[in-house]
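See structure below.
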Amino acid sequence: SPRPLTDLAEFLAACRAFIGNDSGITHLAAALGVPTVTLFGPTDPDLWAPRGKHVTVIRATPHTTAGLAAIRMDTVLAALLHQRRQPERE
């Protein structure tokens, strides 16, 4: 059965990092201050990306949904490791 959004927020708040696409869950993780790596395809991250120094955006090339599959895992891992080296959230 569906669970309340507050359960998801509680779960995300306990995360040490989050990797996601352009979605509401990714925005929620970023809003909670979780170090976040966001993957973008066709949508424009200048308009839609979560904000904050704890957010890293990786944009697919080409800027398509299919381009998301071309994002290299080592690129995502490097961005995640960079985020983890940032000062801990309060």
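Below, all heavy atoms of this structure are taken into account, side chains as well, without hydrogens, waters or symmetry copies.
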Heavy-atom closest contact ([X] atom, [Y] atom, distance):
X	Y	answer
Pro50	Val55	O-CG1, 3.6 Å
Pro42	Thr64	CD-C, 3.6 Å
Arg59	Gly41	NE-O, 3.4 Å
Val34	Ala13	CG2-CA, 4.4 Å
Ile58	Ala79	CD1-CB, 3.9 Å
Pro45	Arg51	O-NH1, 3.5 Å

What about [X] and [Y], same hydrophobic cluster or not, with Ile/Leu/Val/Met/Phe/Trp/Tyr joined at side-chain heavy-atom distances under 4.5 Å?
X	Y	result
Ile25	Leu5	yes
Leu68	Val76	yes
Phe18	Leu28	yes
Leu32	Ile19	no

Note to self: Using only atom types and a distance under 3.5 Å, with no angle test, would you say the side chain of His54 pairs donor to acceptor with the backbone of Ala30?
What the structure shows: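 Yes, the answer is positive, given that a donor and an acceptor are paired below the 3.5 Å cut-off.
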Note to self: Determine whether a donor-acceptor pair (N or O, by modelled atom type, separation under 3.5 Å) exists between the side chain of Arg84 and the backbone of Arg16.
What the structure shows: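 Side chain of Arg84 to backbone of Arg16: a pair is present.
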Check: Rounded to the nearest 0.5 Å, how far does CG of Leu80 lie from OG1 of Thr75?
Finding: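 Interatomic distance, Thr75 OG1 to Leu80 CG, rounded to 0.5 Å: 12.5 Å.
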Notebook entry, point to check: Picking from Thr38, Val57, Thr43, what satisfies side-chain contact (heavy atoms from CB on, under 4.5 Å) with Trp48?
Noted result: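 Single side-chain contact (heavy atoms from CB on, under 4.5 Å) partner of Trp48 among Thr38, Val57, Thr43: Thr43.
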Check: Are there more than 12 heavy atoms of other residues, nucleotides or ligands under 6.0 Å from atom CZ of Arg72?
Finding: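 No, not enclosed.
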